[in-house]
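What follows is a single structure, written as structure tokens, with notes after it.
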Amino acid sequence: MGLHVALIGGGMVARVHLDALATHPDVTAISLAELDRAAQEAMARQYPLRRVESDYRRLLEDPTIDVVDICLPHDLHHPVGLAALEAGKHVLSEKPIALTLQEADELIAAAERAGKRYFVALNQRFLPAHAEARRLLHEGAIGRPFMATVTIIGNELERMNQPGHWKGSWERAGGGVLADTGTHAVDLMLWWFGAPDRVTCRWQRTVVEAEDKGDDTTVVVMEYSNGPLVTLAMTYAAADPWSERKRVYGTSGSLHVVSEDAEPLVVFKEGERRVMPVEHDPNWWPYSVKRGVHHFVDCLVHDWEFSVTPQDARETLRVILDAYRAAQGGHDHADWIGSDRRVSDP
Ligand SMILES: NC(=O)c1ccc[n+]([C@@H]2O[C@H](COP(=O)([O-])OP(=O)(O)OC[C@H]3O[C@@H](n4cnc5c(N)ncnc54)[C@H](O)[C@@H]3O)[C@@H](O)[C@H]2O)c1
């Protein structure tokens, strides 16, 4: 089966998607819709594209295109996803699923109506260290987990500090670090531990100066009546290199995932430090994106179930919206949180 894929959006993440698509044997043609001429040219240098357009709707009209891969700012995931499904295309979308739960529900319903496959690329589930950590936790390898701490230390100041740029914008991205890379942290905790009973959050915009932007530094606490006390701490304003650490403490051991390490998964048990064997690439970000994109294509070609469903992506969005809502009492922040448009979500 040879698939023709239309990439929509040709920015930072699209370059990684393009590499993933180009290396899958069942993808035989790739086209691109991108507004920016320089970005079009950069993508065309990376791979011989079948068609390059500025207006994505021209690609949706192309009957040879089977799949649309959405690598756009968050506010465009919903309208472009709907249009692609209505045009009869399968859809792979970058995270988050959408800005609101209503939008997410509309996308899920549109895929069902169209009888098309719809997948949100929550790539961190495709990092083998994360999957193996989940397996170990579920088989009780460290006893009963009572605490988990996740830290995401990143820097997105350049894009966050541009007023009007979608990155970190309340209107276009749904918020700052939590709505963006926080999606991965929340999603992994839901995958490992299930839905929390209670979510609290504190966020600040202390370094980013652009007034239209959301949080640059955020702490979320997820509580379970029957599970660990989970703390997620994240920033987009750090001077040190990007790093992501997940540590889980259990009644008979501890488990650490440090994505940047050559040996990312370590269990501490009975006084020993045990390196757990997992497939890994310290350049873990493109590696996990590629594995996720390949999973999507494999599932299309072989008619397999996706290991991550759109409902999973909706649940992640629900917890993030709950967290922002929970922070409302503690901060005097954007009207966005108080607007009916967002808070009316169930
Ligand atoms: N999974 C991950 O780890 C990960 C990492 C980075 C980004 N992302 C996600 O990928 C998406 C894109 O992020 P990015 O950093 O690549 O953004 P980006 O700004 O670098 O790229 C977006 C591109 O879309 C283009 N664009 C905007 N409107 C368009 C339109 N109507 N038609 C065609 N092109 C249009 C822009 O010109 C830009 O080149 C976001 O959803 C983001 O959250 C995911």
Side-chain angles (χ1 to χ4, degrees), residues 6-20 31-44 46 49 51-60 68-84 91-99 103-104 107 119-127 130 152 154-160 162 164-169 171-188 214 234 236 242-244 259 283-296 308 312-313 316-317 320:
L7 258 173
I8 306 192
M12 189 186 77
V13 86
R15 290 192 277 278
V16 182
H17 280 238
L18 181 56
D19 181 49
S31 293
L32 171 73
E34 163 61 52
L35 297 176
D36 181 73
R37 186 55 59 88
Q40 287 180 354
E41 286 165 6
M43 295 283 278
Q46 187 178 327
L49 297 164
R51 290 180 63 181
V52 178
E53 299 286 347
S54 297
D55 186 341
Y56 71 86
R57 288 170 300 190
R58 299 204 54 189
L59 295 184
L60 299 189
V68 163
D69 179 356
I70 299 174
C71 292
L72 291 166
H74 300 177
D75 60 327
L76 296 175
H77 294 183
H78 171 256
V80 176
L82 277 188
V91 171
L92 162 64
S93 172
E94 260 302 340
K95 44 54 66 169
I97 184 168
L99 291 183
E103 288 178 359
L107 282 161
F119 179 76
V120 180
L122 290 162
N123 56 292
Q124 293 218 7
R125 293 198 188 198
F126 295 92
L127 196 70
H130 287 154
I152 301 183
N155 188 313
E156 276 287 356
L157 287 180
E158 197 187 321
R159 297 198 280 181
M160 289 274 284
Q162 290 173 43
H165 191 288
W166 73 268
K167 195 76 174 176
S169 140
E171 281 300 324
R172 299 210 59 200
V177 63
L178 173 59
D180 197 344
T181 212
T183 297
H184 298 299
V186 169
D187 181 60
L188 271 190
M234 58 195 86
Y236 263 172
W242 193 287
S243 78
E244 302 210 5
S259 311
N283 200 6
W284 62 271
W285 177 60
Y287 175 67
S288 64
V289 173
K290 188 170 177 175
R291 288 176 62 94
V293 171
H294 282 194
H295 173 75
F296 168 78
V308 193
D312 294 328
T316 294
L317 176 66
I320 286 172

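Remember, it's 1-based here, ligands and their atoms both numbered in the order they're listed. Please read these numbers as outputs of a predicted model, since none were measured by experiment.
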For this session: May I ask which of Glu94, His74, Arg172 has a heavy atom nearer to atom 43 (O) of ligand 1 than the others do?
Result: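 Heavy atom nearest to atom 43 (O) of ligand 1 belongs to His74.
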
Problem set entry | Closest to atom 23 (C) of ligand 1 among His17, Glu34, Gln124, Arg15 (heavy-atom distance) |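 Heavy atom nearest to atom 23 (C) of ligand 1 belongs to Glu34.
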
Ligand 1 versus [X]: contacting region, heavy-atom distance under 4.0 Å:
{"X": "Asn123", "result": "side chain"}
{"X": "Asp55", "result": "neither"}
{"X": "Leu76", "result": "side chain"}

Atoms in ligand 1 flagged as close to [X], the criterion being non-hydrogen separation under 4.0 Å:
{"X": "Cys71", "value": "12 (C), 22 (C)"}
{"X": "Arg159", "value": "14 (P), 15 (O), 17 (O), 18 (P), 19 (O), 20 (O)"}
{"X": "His184", "value": "1 (N), 2 (C), 3 (O)"}
{"X": "Gly11", "value": "16 (O), 20 (O), 21 (O), 23 (C), 39 (O)"}
{"X": "Asp180", "value": "43 (O)"}
{"X": "His77", "value": "41 (O)"}

Problem set entry | Carboxylate-amine/guanidinium contact Lys95 Asp187, below 4.0 Å |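 So Lys95 does not pair with Asp187 through a salt bridge.
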
For this session: Could you tell me whether a side-chain N or O of His78 sits under 3.5 Å from a main-chain N or O of Leu99, the two making a donor and an acceptor?
Result: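 Here the side-chain-to-backbone pair does not exist.
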
Problem set entry | Any donor-acceptor N/O pair, Glu94 side chain to Val13 backbone, under 3.5 Å |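 Not a single qualifying donor-acceptor pair exists.
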
Distance from [atom] to nearest protein heavy atom, with residue and atom:
{"atom": "atom 3 (O) of ligand 1", "answer": "Trp285 NE1, 2.6 Å"}
{"atom": "atom 4 (C) of ligand 1", "answer": "Val13 CG2, 3.8 Å"}
{"atom": "atom 32 (N) of ligand 1", "answer": "Leu35 CG, 3.7 Å"}
{"atom": "atom 19 (O) of ligand 1", "answer": "Trp166 NE1, 2.9 Å"}

When rounded to the nearest 0.5 angstrom, what distance separates [atom1] in [X] from [atom2] in [Y]?
{"X": "Gln162", "Y": "Leu157", "atom1": "CD", "atom2": "CG", "value": "11.5 Å"}
{"X": "His130", "Y": "His184", "atom1": "NE2", "atom2": "NE2", "value": "10.5 Å"}
{"X": "Ile70", "Y": "Ile8", "atom1": "CD1", "atom2": "CD1", "value": "6.0 Å"}

Exercise. Which atom pair, heavy atoms only, marks the closest approach of Leu92 to Ala121?
Worked result: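 So the minimum-distance heavy-atom pair works out to CD1-CB, 3.9 Å.
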
Exercise. So, for Asn123 and Ser288, which heavy atoms are closest and what is the spacing to 0.1 Å?
Worked result: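 That closest heavy-atom pairing would be ND2-OG, 2.9 Å.
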
Got an N/O contact under 3.5 Å between [X] and ligand 1?
{"X": "Met12", "result": "yes"}
{"X": "Leu72", "result": "yes"}
{"X": "Ile8", "result": "no"}
{"X": "Lys95", "result": "yes"}

So [Y] and [X], do their side chains get closer than 4.5 Å, heavy atoms only?
{"X": "Leu72", "Y": "Trp166", "answer": "no"}
{"X": "Leu49", "Y": "Leu18", "answer": "yes"}
{"X": "Phe296", "Y": "Asp69", "answer": "no"}

For this session: Check the side chains of Gln40 and Glu53 for a donor-acceptor pair under 3.5 angstrom, ignoring hydrogens and angles.
Result: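 Short answer, no.
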
